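Note that the coordinates shown come from a computational prediction; the quantities given were computed from them, not determined experimentally.
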Amino acid sequence: MTTQFDYRRIPPMPPEVYVAPLRRPAGLADDWLEPAQRSYGREEHRIWDDLYARQMNLMPGHACKEFMHGLEKLDLGQGGVPDFNQMSEELSKLTGWSVVPVPMLIPDHVFYYHLANRRFPAGNFIRSRDEFDYIKEPDVFHDVFGHVPLLTNPVFADYMEAYGRAGWKALKYNRLKALSALYWYTVEFGLILEDDQLRIYGAGILSGPTETVFALEGRSPNRIHLNVDRVMRTDYTISDLQATYFVIESFRELFHLTEQRGFEPIYESLAPAFQYAKTAALDTDHIYHRGTQEYELRGGRGSGARPV
Ligand code: CO
């Protein structure tokens, strides 16, 4: 079965590689994979259904067509948290990907190893109603609703695998932060052009209602065409709405700018630290919308500023 995976098969990290400190809550088994997807109570299934219904109302006119096709193909709205085995079977027929259950955020090299082998690690738990609008750690709704539909798209599926392999190289070159910025501004918070209209493909946006509207319609954030060298030098916001969104023309363009060009030359040209603030709009940028940054300037989420 696709969700079984033996961690002893992960190659050891080369000793010269930088490894981020592991953060593991006490009381968990000494691995980063749940033996199986957990079972959910009735209220937990209901939370999925309510989150699903709320997001589905917003998807038309906001989500890109590839995401919508993926949602249809996988039929994630059958009621309750989807079954990972069933989902993996469908997905592997389409692009060879599967979904594996994990208890929490996993160490970088393990995450990359999974992606490089076309396995998407998805959080097993679901948020409580207290955290209905905003969660700090990715749960099963973010991971499955946000990420899995696009894995049905062959080009995006190849990009994700390439990203996993690029991760191991980034560890070797000590350019992990730069590669994380690329993930952030594409996989999590990316926008795409569709018949001259901006649409969303980033999972971090599509799994919540506020940012789904803010990312496309807000006057505060910048919207800038993706330039990989620039993005990998740009800081980002972890626990609030983004100050800048980057736009691609197609998934082919994204694949071309990264994997086809090769990650090594990119790493070799990068300094270890970020050079650009997350709010920056540069003279060399192709800008679709220069944001007012008023949400950011008023202090963002902590200040109760309105996301405009
Ligand atoms: Co995510």
>> When you compare the side chain of Gln55 with that of Thr212, does any pair of heavy atoms fall below 4.5 Å?
In response: yes
CZ (Arg306) with more than 12 external heavy atoms under 6.0 Å:
no
Subject >> More than 12 heavy atoms from other groups under 6.0 Å of CZ on Arg252 >> reply: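 No, the 6.0 Å shell around CZ holds no more than 12 heavy atoms from other groups.
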Begin with the C-alpha distance, continue with both residues' side-chain angles, and end with the deciding distance and a verdict on side chain to side chain donor-acceptor pair (under 3.5 Å) for His147 and Glu188. CA-CA 8 Å; His147 286 284; Glu188 293 290 357; 3.1 Å; yes
- Given Asp133 and Arg54, is the salt bridge (Lys or Arg N to Asp or Glu O under 4.0 Å) satisfied, shown in steps? CA-CA 11 Å; Asp133 293 319; Arg54 181 173 71 171; 2.5 Å; yes
Handout entry: Parallel, tilted or perpendicular, as decided by the 30° and 60° cut-offs, for the rings of Tyr183 and Tyr163
Key = tilted
Practice item. Look at the aromatic rings of Tyr185 and Tyr236 and report parallel, tilted or perpendicular, splitting at 30° and 60°. Key: perpendicular
Checking the side chain of [X] only, and the main-chain atoms of [Y] only, is there a donor and an acceptor separated by less than 3.5 Å?
{"X": "Asn124", "Y": "Val102", "result": "no"}
{"X": "Thr95", "Y": "Ala157", "result": "no"}
{"X": "Ser98", "Y": "Ser88", "result": "no"}
{"X": "Asn153", "Y": "Val155", "result": "yes"}
{"X": "Asp229", "Y": "Ile266", "result": "no"}
{"X": "Glu249", "Y": "Ile192", "result": "no"}
{"X": "Arg127", "Y": "Asp139", "result": "no"}
{"X": "Tyr267", "Y": "Ala178", "result": "no"}
{"X": "Gln293", "Y": "Ala243", "result": "yes"}
{"X": "Gln197", "Y": "Glu194", "result": "no"}

As an exercise, state the distance from [atom1] of [X] to [atom2] of [Y], rounded to the nearest 0.5 Å.
{"X": "Leu241", "Y": "Glu296", "atom1": "CG", "atom2": "CD", "value": "9.0 Å"}
{"X": "Asp143", "Y": "Ser207", "atom1": "CG", "atom2": "OG", "value": "8.5 Å"}
{"X": "Met232", "Y": "Trp184", "atom1": "CE", "atom2": "CH2", "value": "15.5 Å"}
{"X": "Phe141", "Y": "Asp49", "atom1": "CZ", "atom2": "CG", "value": "10.0 Å"}
{"X": "Leu206", "Y": "Leu150", "atom1": "CG", "atom2": "CG", "value": "7.5 Å"}
{"X": "Leu297", "Y": "Thr279", "atom1": "CG", "atom2": "OG1", "value": "7.5 Å"}

The complete set of ring-ring contact (aromatic ring centres under 6.0 Å, His included) pairs with one or both residues in residues 55-75, sequence neighbours excluded, reads Phe67-Phe145
* To do: Run the numbers on Lys172 and Glu264 for salt bridge (Lys or Arg N to Asp or Glu O under 4.0 Å), then give the verdict.
  => CA-CA 10 Å; Lys172 208 159 66 191; Glu264 271 109 337; 5.6 Å; no
Original post:
Salt bridge or not for Asp235 and Lys177, using N-O below 4.0 Å?
Top reply: no
### Task
Identify whether the distance between the nearest side-chain nitrogen and carboxylate oxygen of Lys93 and Glu89 falls below 4.0 Å.
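Judged by the 4.0 Å cut-off on N to carboxylate O distance, Lys93 and Glu89 do not form a salt bridge.
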ask   = For Phe132, is the NZ or CZ atom of Arg129 found under 6.0 angstrom from the centre of its six-membered ring and inside 45 degrees of the ring axis?
value = yes
Fill in: Face-on cation placement of Arg223 at Phe246 ring, 6.0 Å and 45° thresholds
no
**Request:** Could you walk me through whether Met87 and Ser92 pass the side-chain contact (heavy atoms from CB on, under 4.5 Å) test, one step at a time?
**Result:** CA-CA 9 Å; Met87 192 164 53; Ser92 66; over 6 Å; no
| message | When you compare the side chains of Glu211 and Tyr134, does any donor N or O come within less than 3.5 Å of an acceptor on the partner? | response | no
Whether the Thr186 and Tyr201 side chains hold a donor-acceptor pair (N or O, under 3.5 Å, no angle test) is what I'd like checked.
no
Any chain of hydrophobic side-chain contacts (each under 4.5 Å) joining Val110 to Phe120?
yes
Are Val228 and Leu282 linked, directly or through intermediate hydrophobic residues, by side-chain heavy-atom contacts shorter than 4.5 Å (ILVMFWY only)?
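Shared cluster, no.
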**OP:** May I have all residue pairs that pass side-chain hydrogen bond (donor to acceptor under 3.5 Å, both in side chains) and include part of residues 282-291, sequence neighbours excluded?
**Re:**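 Those involving residues 282-291 are His225-Tyr288, Arg230-Asp285.
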